[in-house]
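Below is one structure, written out as structure tokens; the observations come after it.
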Amino acid sequence: MQVDSKDLLVKTLGPCRVASPLGSLLRDRRPTFHNVAENDRVVFDDTISALASRTCAPAELPSFEPAGARSKIFFDPSKTRVGIVTCGGLCPGLNDVIRAIVLELVDWYGVDKIYGFRNGYQGFIASYGRSVVDLTGQVVSSINEQGGTILGTSRGQQDPAEIVDCLERMSINILFVIGGDGTIRGALGISKEIAERGAKIAVVGIPKTIDNDIMFIDQSFGFQTAFSEATKSIRAAHVEATASPNGVGLVRLMGRHSGFIACYASLAMSDANFVLIPEVPFQLDGENGLLNVLRKRLLRRHHAVMVVAEGAGQNVLSPEHGGQGTDASGNVKLQDIGLYLKKRITDYFAGIGMELNLKYIDPSYAIRSVPANPYDSVYCIRLGHNAVHAAMSGRTEMVVGRWNSRFVHVPMPLAIRERYTVDPDGDLWMSVLESTGQPRSFQ
Ligand SMILES: Nc1ncnc2c1ncn2[C@@H]1O[C@H](COP(=O)(O)OP(=O)(O)O)[C@@H](O)[C@H]1O
Ligand SMILES: O=P(O)(O)OC[C@H]1O[C@](O)(COP(=O)(O)O)[C@@H](O)[C@@H]1O
Ligand SMILES: [Mg+2]
């Protein structure tokens, strides 16, 4: 992705004139390997060759604004009113992020007017009649133990003008949006409407996606929990496959356009022999096609485990296999590659008269509805804290990201400019090939 300095500029609502209540914590901090000073920058490029290709002085290198608390802030905490909304598909850790935002606002900034909007962007629209939730420290104290989101969610576009009407009616100063690429697109529309009205409302996002498909976050929150959960299905598929002659365990995992869950779960549980992801097209038929390679594997080892991401192999499906169209948010509805593979493998082995015992496992919703694991909980807290620091200092139209292990501010237009996908020439896919031993391509 071509990124220039201007793409990395973060908008602010105005100068910071209010002393931060976190001032005492910040006073004696020095820049260290784990602490970037608030006026320093995090360099975008991380290889010598990329740096060498830039012809500018170090201060002009493309760089992110570091996340973190500022000594001076924009909003006066005693007069600040905050809204929080969660949108799109579920993801482990949503409640952890809500909790982190609320507790940071209440305990450190002394902000106590925090409202949760129900069911995504519908929560702002009068005709849906959704009540708001008063979010206090007590309400959120143990929500991190539950999966899902206490605020509910939804898909489907809403009118940004109506959303901003609602924010103005309620005198909201800061809106936190927790959601994926669609949510961030929606948030950009809200932010533009706010700017057109000349209002001073900060819109700050915390990127959410179990598919891990948003740029500038090394790994999205909940992703580690989700792929850990998926390993249980791979283990089950292996147990089933090894228990019967020519057993095949076929596991279908989420991943609409990016195969990260399939790759990571398969690496974590190296029982997988075949991993199919959207980024690497394959053929079923022919000498090097998947079916013949599977046949040879069964002749050799008598069992196989195959992991398929939901967006894989769309090239081998035809319209009669369902799918097509879009969901309420405009996301393309994919044809079901898992069921299609199950049928094609079953028919193929029946056709050549070879015994097959195929067990099909689809844990899709089971892996995204669980509570976050401890690693993700820590990550969620840190994202939540940094989102609060950013918003209180008047940053807007940005999401909190993590780039090369540093927490940074990412402008919303940049965060959604391109989807983050598995690079077929990258080291992750190379590891999958090394771990599974599957051919580089089934073509
Ligand atoms: N292009 C868009 N413009 C405005 N709002 C959008 C856009 N795409 C999605 N949204 C809204 O964002 C919310 C969540 O989007 P969705 O794509 O379902 O999930 P996610 O944010 O997880 O990608 C929905 O309310 C949806 O209508
Ligand atoms: O059935 P639903 O709720 O529409 O969700 C299915 C989709 O949700 C995802 O987890 C991603 O959702 P988001 O874009 O909302 O993060 C995909 O992997 C999957 O295609
Ligand atoms: Mg999405």
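A quick note: this is a predicted structure, and the numbers were derived from the prediction, not measured. Both backbone and side-chain heavy atoms feed into the values below; hydrogens, waters and symmetry mates do not. Atoms within a ligand are numbered from 1 in the order they appear, just like the ligands themselves.
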request  = Show the numbers, then the answer: is there a side-chain hydrogen bond (donor to acceptor under 3.5 Å, both in side chains) between H389 and Y109?
outcome  = CA-CA 9 Å; H389 298 321; Y109 284 93; 2.7 Å; yes
task = Starting from atom 1 (N) of ligand 1, find the nearest protein heavy-atom neighbour and note its residue, name and distance.
result = R185 CD, 3.4 Å
ask   = Does ligand 2 have an atom under 4.0 Å from some heavy atom of G88?
value = yes
request  = Using the ring of Y379 (Phe, Tyr or Trp, six-membered ring only), decide whether R402 places NZ or CZ under 6.0 Å from its centre and within 45 degrees of its axis.
outcome  = yes
Residue, atom name and distance, where the atom is the protein heavy atom closest to atom 14 (C) of ligand 1 = T183 OG1, 3.3 Å
request  = Can you establish whether the number of heavy atoms outside R301 located under 6.0 Å from its atom CZ is more than 12?
outcome  = no
key: atom 2 (P) of ligand 2: nearest protein contact (heavy atom, Å)   = R155 NH2, 3.5 Å
ask   = Which protein heavy atom lies closest to atom 16 (O) of ligand 2, and at what distance to 0.1 Å?
value = K208 NZ, 3.2 Å
ask   = Heavy atoms, side chains only, cut-off 4.5 Å: are I361 and L250 in contact?
value = no
query = Any heavy atom of D181 sitting closer than 4.0 Å to ligand 1?
reply = yes
request  = Could you tell me the residue and atom name of the protein heavy atom closest to atom 26 (C) of ligand 1, and the distance to it rounded to 0.1 Å?
outcome  = S329 OG, 3.3 Å
task = Report yes if T209 has an N/O atom closer than 3.5 Å to an N/O atom of ligand 2; otherwise report no.
result = no
ask   = Hey, which atoms in ligand 2 end up nearer than 4.0 Å to a heavy atom of I210?
value = 10 (O)
Shortest protein heavy-atom distance from atom 14 (O) of ligand 2, along with the residue and atom involved = R256 NH2, 3.5 Å
remark   = Here the N/O/S atom of D181 closest to the Mg ion (ligand 3) would be OD1
key: Derivation and outcome, ring-ring contact (aromatic ring centres under 6.0 Å, His included), residues F64 and F216   = CA-CA 10 Å; F64 288 105; F216 309 114; 5.6 Å; yes
inquiry  = So is Q122 touching ligand 1 or not, going by heavy atoms under 4.0 Å?
reply    = no
ask   = How far apart are the C-alpha atoms of R419 and T421, what are their side-chain angles, what is the distance that settles it, and do they pass the side-chain hydrogen bond (donor to acceptor under 3.5 Å, both in side chains) test?
value = CA-CA 6 Å; R419 183 174 277 122; T421 54; over 6 Å; no
key: Q157-ligand 1 polar pair, N/O distance under 3.5 Å   = yes
ask   = Got more than 12 heavy atoms from elsewhere within 6.0 Å of CG, D427?
value = no
task = Please write down residue, atom name and distance for the protein heavy atom closest to atom 8 (O) of ligand 2.
result = R368 NH1, 2.9 Å
task = Give a yes or no on whether K192 atom NZ has more than 12 heavy-atom contacts from other residues, nucleotides or ligands under 6.0 Å away.
result = yes
key: Nearest non-hydrogen protein atom, atom 25 (O) of ligand 1   = G156 O, 2.7 Å
message = If the cut-off is 4.0 Å to any non-hydrogen atom of G186, which atoms of ligand 1 fall inside it?
response = 4 (C), 5 (N), 6 (C)
message = For ligand 2 and G89, I'd like to know whether there is a polar contact (N/O to N/O, distance under 3.5 Å).
response = yes
message = Heavy-atom distances under 4.0 Å decide this one: backbone, side chain, both or neither, for D327 against ligand 1?
response = neither
inquiry  = Checking a contact table here: which protein heavy atom is nearest atom 20 (O) of ligand 2, and how many Å away?
reply    = E310 OE2, 2.6 Å
key: Check: D211 N/O within less than 3.5 Å of ligand 2 N/O   = yes
query = Looking only at N/O atoms, are A328 and ligand 1 under 3.5 Å apart anywhere?
reply = no
task = Look only at the side chain of D336 and the backbone of G338, and say whether a donor-acceptor pair between them is shorter than 3.5 Å.
result = yes
inquiry  = Using a 4.0 Å cut-off to any heavy atom of N331, which atoms of ligand 1 qualify?
reply    = 16 (P), 17 (O), 18 (O)
K11 atom NZ: more than 12 heavy-atom contacts under 6.0 Å = no
ask   = How about D376 and T225: does a side-chain donor come under 3.5 Å of a side-chain acceptor?
value = yes
query = Are any non-hydrogen side-chain atoms of V3 and R417 less than 4.5 angstrom apart?
reply = yes
inquiry  = What protein heavy atom lies closest to atom 22 (O) of ligand 1? Include the residue and the distance to one decimal.
reply    = K208 NZ, 2.6 Å
key: Closest approach of any protein heavy atom to atom 7 (C) of ligand 1, naming residue and atom   = G182 O, 3.6 Å
Identified side chain to side chain contact (heavy atoms under 4.5 Å, CB included) counterpart of S191 within the set E397, M412, M398 = E397
inquiry  = Between D211 and the Mg ion (ligand 3), is there a contact where an N/O/S atom of the residue lies under 2.8 Å from the metal?
reply    = no
query = Should you measure from each heavy atom of G255, which atoms of ligand 2 turn up under 4.0 Å away?
reply = 18 (O)
request  = Working to the nearest 0.5 Å, report the span between OH of Y121 and OG1 of T86.
outcome  = 10.5 Å
task = Check the pair T436, N273 against side-chain hydrogen bond (donor to acceptor under 3.5 Å, both in side chains), reporting the backbone distance first and the verdict last.
result = CA-CA 5 Å; T436 58; N273 310 113; over 6 Å; no
query = Is R235 atom CZ crowded by more than 12 heavy atoms from other residues, nucleotides or ligands, each under 6.0 Å away?
reply = no
G330 heavy atom under 4.0 Å from ligand 1 = no
Atom CZ of R81 with >12 non-hydrogen neighbours under 6.0 angstrom = yes
message = Looking only at protein heavy atoms, which one is nearest to atom 1 (O) of ligand 2, and what is the separation?
response = Y365 OH, 2.4 Å
Contact atoms of ligand 1, heavy-atom distance to G180 under 4.0 Å = 20 (P), 21 (O), 22 (O), 23 (O)
